[in-house]
Number of protein chains: 2
Amino acid sequence: MADMSGNSTHEGGQPGRIGIGLELDATHLKILEVLRENGRISVAALAERVGISRANAYTRFEALRADGTIKRFTAEIDHVRAGLGITALVFVTVRQQMWRQFRAQLAQMPEVEYCAITTGQHDAMIQVRMADVAAVHTLVTERLANIPAVKATETVFILDEVLKRPYVLPTDRRPGQTVRRPVPDPAGAEVPLGKMRFVGAAEGRAQLQQDV
Amino acid sequence: MADMSGNSTHEGGQPGRIGIGLELDATHLKILEVLRENGRISVAALAERVGISRANAYTRFEALRADGTIKRFTAEIDHVRAGLGITALVFVTVRQQMWRQFRAQLAQMPEVEYCAITTGQHDAMIQVRMADVAAVHTLVTERLANIPAVKATETVFILDEVLKRPYVLPTDRRPGQTVRRPVPDPAGAEVPLGKMRFVGAAEGRAQLQQDV
DNA sequence: GTTGAAATTAGTACGAA
DNA sequence: TTCGTACTAATTTCAAC
């Protein structure tokens, strides 16, 4: 799940060989942290910031790309300056058994920045950026509503984007927070059992990392 | 509106000087199109792909950065491979007059990838990526619920991300769609007046671009 | 806004630890 | 695996047109 146009988890060839890829160590994560802030940094400068040799940086950099952990490099722009100052979310109810058509139609809509299938009241959420409110209205009533697979929509506008990170990493934690290691669970520790079990299970699953 | 941590529209200093920035022409947009797909391309190669000279490409590239149209360069990663295979949306109802505190708390949460203030039933939408479902549960019940500014939350899980573009541009239009130019409105054209007015108004506003 | 040449920097390929 | 260095290729800068 959570695949982008089905190009990650089972991309290779042989079925049965799940692409586990690299085990990301602390150095890999540090590289990803630096690249998140500056995707155009030279590998030489990257090596210095991470604290490894240039050759090592090249090796790891290439491995992360080849592995698919790094999908691509891109820019981040100011939508307002680009002329698309209005952002809206459209929650879509999809007619059952028309998912394939729904996806096909979306592929034809370059003005959509993001689309995800969700649980809950609606089936999908679409994020669009347009020049003005009227353009959103046109999109929803004339384009989306005409897709047979779309049963209903609900539109909300985004008034402000408080934060938008390119991505988050397992190493991103709240300032004062210490790394939550899977404690070896010493029997006899005086903690509420119910809560302990819950937290323990969560940590255990967190170890597995893939196959979600 | 739609500012990222208040760093775009009114960033400079003097009030009254709205940062209009560049007028983006077709070449600027083409540069942004190329950089969206390959943020690490050399300016030399960029020039070739856009069909302009090297020096021109450097000038425009620098202008876009200095202007703030390009905010930064970054990478795109595979969340599953990075160990955060679960994505969730948390819709938050914020207690009135506690917005400042709400924003302050969010700034302390590096695990949040995206947060936007919305119209509609809820007040804000937060997107988070975690290692497992239990971690989402912990985040919502123990971190978010403990923020006084948070009155209520509603969580949905993302089952699949159908598409995710770094950004959209005004030039992104559906394959067969022709560029909708603000036609000079020749009086006497035989179109339904009501509709005409509506579309005309929309196009007019699209011209303005900022101050939305 | 364009072209061409110089200086700098980046990327590659080794052997050694 | 990782590091250090030397080699090659490319990019950026700067100048003149």
Side-chain angles (χ1 to χ4, degrees), chain A residues 12 17-77 81-83 166 169-171 179 181 207 209-210, chain B residues 20-78 81-83 166 169-171:
Chain A
R17 280 200 67 201
I18 307 285
I20 286 196
L22 312 164
E23 271 309 305
L24 300 186
D25 59 22
T27 306
H28 287 121
L29 291 171
K30 210 164 175 187
I31 290 174
L32 294 178
E33 281 177 38
V34 174
L35 291 176
R36 171 169 55 183
E37 300 306 318
N38 182 6
R40 272 181 88 86
I41 194 172
S42 72
V43 181
L46 175 67
E48 192 181 20
R49 289 203 49 184
V50 174
I52 56 178
S53 71
R54 291 207 304 153
N56 193 1
Y58 274 104
T59 306
R60 288 168 173 272
F61 182 85
E62 245 314 293
L64 286 169
R65 296 203 68 168
D67 174 63
T69 303
I70 296 176
K71 290 201 268 196
R72 64 171 163 178
F73 293 92
T74 187
E76 218 175 277
I77 71 164
R81 279 175 211 264
L169 293 170
T171 37
V179 180
R181 257 175 308 193
Q207 299 295 117
Q209 287 189 344
Q210 39 266 125
Chain B
I20 285 195
L22 312 164
E23 271 311 302
L24 301 186
D25 60 22
T27 306
H28 287 121
L29 290 171
K30 211 165 176 189
I31 289 173
L32 294 178
E33 281 176 39
V34 174
L35 290 176
R36 171 169 56 184
E37 300 306 318
N38 181 7
R40 274 182 86 87
I41 195 173
S42 72
V43 181
L46 174 67
E48 193 182 18
R49 289 203 50 187
V50 174
I52 55 178
S53 69
R54 262 88 45 81
N56 193 358
Y58 274 104
T59 305
R60 288 167 175 273
F61 183 85
E62 248 315 302
L64 287 169
R65 296 203 67 170
D67 176 62
T69 303
I70 296 175
K71 290 202 269 199
R72 64 170 163 180
F73 292 93
T74 187
E76 218 175 276
I77 72 165
D78 184 322
R81 279 176 212 265
L169 293 170
T171 36

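Remember, it's a predicted structure, so these values are computed and weren't measured experimentally. Numbers restart at 1 for each chain; the letters A, B, ... are given by sequence-line order, proteins then strands.
In terms of heavy-atom proximity, Leu24(B) sits nearest to Ala82(A) at CD1-CA, 3.8 Å.
To the nearest angstrom, C1' of dA10(D) lies 13 Å from CD of Glu48(B). Regarding Ile31(A), its CD1 atom lies at a distance of 15 Å from the P atom of dT1(D), rounded to whole Å. Taking atom CD of residue Glu62(B) and atom C1' of nucleotide dT12(D), one finds them 12 Å apart after rounding to whole Å. To the nearest angstrom, C1' of dC14(D) lies 16 Å from CG of Asn56(B). Atom CD1 of Ile52(A) is separated from atom C1' of dG4(D) by 14 Å (rounded to the nearest Å). Going from atom CZ of Arg65(A) over to atom P of dG11(C) covers 11 Å, rounded to whole Å. Note: CZ (Arg60(A)) to C1' (dG11(C)) measures 19 Å, nearest angstrom. dT11(D) atom P lies 14 Å from atom CZ of Arg49(B), rounded to whole Å.
No donor-acceptor pair under 3.5 Å is formed between the side chain of Arg49(B) and the backbone N or O of Val34(B). Proximity of a side-chain donor or acceptor of Arg54(A) to a complementary backbone N or O of Glu48(A) within less than 3.5 Å is not detected. The closest donor-acceptor contact from the side chain of Arg40(B) to the backbone of Ile41(A) lies under 3.5 Å.
Of the residues in residues 32-45 of chain A, those lying under 4.0 Å from DNA chain C by heavy-atom distance are Ser42(A), Val43(A).
For Tyr58(A), there are no ring-ring contact (aromatic ring centres under 6.0 Å, His included) partners two or more places apart in sequence or in a different chain.
At least one side-chain heavy atom of Ile77(B) sits under 4.5 Å from a side-chain heavy atom of Leu169(A). Counting only heavy atoms from C-beta outward, the side chains of Leu35(B) and Leu64(B) never approach each other to under 4.5 Å. Under the 4.5 Å side-chain criterion, counting only non-hydrogen atoms from C-beta, Asp25(B) is in contact with Arg60(B).
In this structure, the separation between CZ on Arg36(B) and CZ on Arg72(A) is 8.0 Å, given to the nearest 0.5 Å.
Phosphate proximity of dT12(D) to Tyr58(B): present, with a side-chain N or O under 4.0 Å from OP1 or OP2.
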Problem - Dot-bracket encoding per residue of DNA chain C, Watson-Crick/G-U cut-off under 3.5 Å, | denoting interstrand - result: .||||||||||||||||

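A donor N or O paired with an acceptor N or O is not found under 3.5 Å between the base of dG4(D) and the side-chain atoms of Arg54(A).
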